[in-house]
Protein chains: 2
Amino acid sequence: MKNSKTDRIALNGFILNTIRQCPLLQSLNSQDFDEIVQQSHAKQLPENSVLFEQGSPLTDIYLLMSGGIKLQRLAPNGDEKVIEIIRPGQTFAEAALFSGGSCYPVSAISITPSMVVAIHAETYLKLLTGSNDLCLTLLAKLSQKLHWMVNEVDRLTLHNATFRLVDYLLSHIPENSNDRTDVSLVAPKHVIASRLSIKPETLSRTLKSLAKQNLINLDGSKIELIDINSLRQLVSLET
Amino acid sequence: MKNSKTDRIALNGFILNTIRQCPLLQSLNSQDFDEIVQQSHAKQLPENSVLFEQGSPLTDIYLLMSGGIKLQRLAPNGDEKVIEIIRPGQTFAEAALFSGGSCYPVSAISITPSMVVAIHAETYLKLLTGSNDLCLTLLAKLSQKLHWMVNEVDRLTLHNATFRLVDYLLSHIPENSNDRTDVSLVAPKHVIASRLSIKPETLSRTLKSLAKQNLINLDGSKIELIDINSLRQLVSLET
DNA sequence: TGTCAAAATTGATCAAGGTCAATTTTCGTC
DNA sequence: GACGAAAATTGACCTTGATCAATTTTGACA
C-alpha cells in the first residue's frame, strides 16, 4: 500500500472545471466554492490501493475523476462484499457525513489506477450549515441513493443470480438501445461477482449459460449483448 | 379497504405534543410549526388497510402514533417483500420527498389498528427550503437511514437465515441486558418472515431449532430469550 | 361456544447456488 | 517470449432454504 501523502497533488484547471460541475458543489457561490477548493486536493491512486477503510474517521468526501473504485464491507469473519462500484464522475462517502460518529461505513479500494478529488468534509459541512441550496442538493442526492438501496434490497431478496447479472449488464446500455452492444466490465469478474452477491464460480457458469442460449457472446472482459430484447424480457418476467 | 377520508381526524392536544417532539419537526419555530399543523391531520387505520401504495403520488409524510405499519415492495410477479416494520414514534416516507418524481417507493399497510399523523409533504418541503436547521435534521435522518440500509444489505448477503433471525430478536432487547427476557413479536410471523427475507416455513423451523438448543422458549407470539450470551455469540462469530 | 378462515407447523422433496479441488487462462514483469 | 501469480473456468458434490402438500392451531365473530 503506497503512502497516500506522496500522492497528494494540487488541483489544476481541468480538475477545477470538473468539480465546479459536480452536483454536490454546483450550487455554491464562487466565494464558498473557492473555500472548498482551498481545502481540497487531488490524489493519484495506483491499482489496488486503499483510499479509506471501513471504521476509520471520516475526513474527506470524494469525487472520482478517473479509474474505478470499489466500496466494500467487511464481515466479522473476514468475508468481503462489494456494495458499489464507483465510476468516474460519481461522488462517494457523502452519505456518511452525518451519522455514525463520522466514520466511513465502507472501505474504498481502487480497482484500476485512479484519480480522486478529496473534499475536506469539515469545510463542506460548515458550508452546508450556511447554504440552504447546498442542503437541498445533498438531500436530493441522499434520497436518491436511499431509493437505489431499496431497489438493491429488492434485487437481492426477490430475484435470483441470473436476474441480477442480466439486470447489471442491461444497466450498462442505454434504456432504449436495441442493437447488439459490447459491454466491457469495469472490474475483474470476481469483483463484479461480489457486487452482485454471487460467487465467481456462479458468475462464470451463469455467463456461460446465457452464452449457450445465444443471448450474449463472451470475449474476456468484453461481453457482447446479442439479443437485448430477450434479455429485457428475462428480467421483466423474472421468477 | 375503508375509505380513508372518513378516518381523517383533527389533531388534539396529545397528538400536538407528540409531533412537536418528533425529530423531523422539533427544529421548527412555532410559526412554522403552526403552519405544518394546519396542513396535517391524524388518521385512524383499521387492521390491514392500505395507507398508501407503491407508485402513487406522494402527498404526505407520516408519523406513526400507535399500532404497526409494514412497508413493503411488490415484485413484477406479485411477490411481496416487507422492507421495514414501523413502530410508534417512527416517521416514514420522508426519504421519498425528493427523488422518484415524488411517488411512494413502497406500500404502507397497517398490521394492527393504527393511528398516524399525516404531514402535508408540500408544506414541509416549502419549510425545508426556508430552514437550514430543518434541512440538516433531515439530512442526518436520511444519512442514518442509508447507513441502516447498508447494514441490511450486509445481513442479506453476508449472513444466513438463522443469523438474521437471532439478530432481529436481539435488536428487541437493550444492548447490555443479559437476563432472560420476553420478546413479543410486533407482527404476525409471516410478516416477520418477509421482513427477514425468509419463508414462513423456514422461520418456524429456525425458531424450533433455536428452542431445541435451549436458546429460546416459544409461546405463540411471545418468545423468551433464555441464553442471551449464547445468542450474542451466535451472531458475533457467524459463518 | 361453535364455526370458519387465516396462520402456523410439520414432513418430504427439490433446486439454486455455494464449496472444494483441479486445471486452464490471462496478464504484468523481467 | 518466458515465468509466475492471480483470475477464471470447470467438474463433482453438498447445504441451505424454497416448495408443495397435509395437518394442526389460533383467533375473530356470530
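Keep in mind that this is a model prediction, so the values were computed, not measured. Within every chain, numbering begins at 1; the chains are lettered A, B, ... in the order of the sequence lines, protein sequences first and strands thereafter.
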Pairs involving residues 175-222 of chain B, ordered by first then second residue, that meet ring pair (Phe, Tyr, Trp, His ring centres under 6.0 Å) (sequence neighbours left out): none
What does the list of N/O pairs under 3.5 Å between the protein and nucleotides 24-27 of chain C look like, with a distance for each?
none

Terminal axis angle for the helix from C:dT1-D:dA30 to C:dC30-D:dG1, five pairs an end, nearest 10 degrees: 50°
Could you state the CD-C1' distance from B:Glu201 to C:dA7, rounded to the nearest angstrom? 11 Å
For residues 198-208 of chain A, dump all side-chain donor-acceptor pairs below 3.5 Å to protein atoms at least two apart in sequence or in another chain.
unit_1: A:Thr206; atom_1: OG1; unit_2: A:Thr202; atom_2: O; d: 2.7

Please work out if B:Ile198 contacts a base, only the sugar-phosphate, or nothing of the nucleic acid, heavy-atom cut-off 4.0 Å. sugar-phosphate
Walk me through whether A:Asn229 and A:Gln233 qualify under side chain to side chain contact (heavy atoms under 4.5 Å, CB included). CA-CA 6 Å; A:Asn229 282 329; A:Gln233 213 169 324; 5.6 Å; no
With ring pair (Phe, Tyr, Trp, His ring centres under 6.0 Å) as the rule and sequence neighbours excluded, what pairs involving residues 205-227 of chain A come up? none
If you look only at distance, which donor and acceptor atoms sit under 3.5 Å apart when one is on a side chain in residues 51-60 of chain A and the other is two or more places apart or in another chain?
unit_1: A:Gln54; atom_1: OE1; unit_2: A:Leu74; atom_2: N; d: 2.9
unit_1: A:Ser56; atom_1: OG; unit_2: A:Glu53; atom_2: O; d: 2.7

B:Lys81 bridged to A:Asp154 by N-O distance under 4.0 Å: no
Less than 4.0 Å between a side-chain N and a carboxylate O, is that true for A:Arg195 and A:Glu152? yes
Going by the side chain to side chain contact (heavy atoms under 4.5 Å, CB included) test, name the single residue among A:Ile69, A:Ile119, A:Thr91, A:Val116 that passes it with A:Tyr62. A:Val116
Applying side chain to side chain contact (heavy atoms under 4.5 Å, CB included), name anything that partners B:Ser230, two or more places apart in sequence or on another chain. B:Leu215, B:Asp227
Where A:Arg180 and A:Ile226 come nearest, the two heavy atoms and their spacing: NH2-CG2, 3.3 Å
What are the two closest heavy atoms between A:Val183 and A:Leu169, and how far apart are they? CG2-O, 4.2 Å
Quick check on side chain to side chain donor-acceptor pair (under 3.5 Å): which of B:Gln72, B:Lys70, B:Arg73 does B:Glu80 satisfy it with? B:Gln72
Check DNA chain D against residues 186-194 of chain B and give the residues with a non-hydrogen atom under 4.0 Å, in numerical order. none
Earliest and latest nucleotide of DNA chain D, 5' to 3', sitting under 4.0 Å from a non-hydrogen atom of chain B? D:dG17 to D:dC20
Please check this pair: side chain of A:Ser114 against backbone of A:Leu45, looking for a donor-acceptor N/O pair closer than 3.5 Å. no
Protein-nucleotide distance (B:Ile111, atom CD1; C:dA7, atom P), rounded to Å: 12 Å
Does anything in residues 204-212 of chain A come within less than 4.0 Å of DNA chain C? Heavy atoms only, and list the residues if so. A:Arg205
The side chain to side chain contact (heavy atoms under 4.5 Å, CB included) partners of A:Gln90 (sequence neighbours excluded) come to A:Glu84, A:Ile86, A:Arg87
Interatomic distance, A:His159 NE2 vs C:dA16 C1' [rounded to whole Å]: 16 Å
Ignoring hydrogens and angles, write down the donor-acceptor pairs under 3.5 Å from the side chains of residues 216-223 of chain A, residues two or more places apart or on other chains.
unit_1: A:Asn217; atom_1: ND2; unit_2: A:Glu224; atom_2: OE1; d: 3.1

Please report, rounded to the nearest Å, how far the P atom of C:dG18 is from the CG atom of B:Leu158. 12 Å
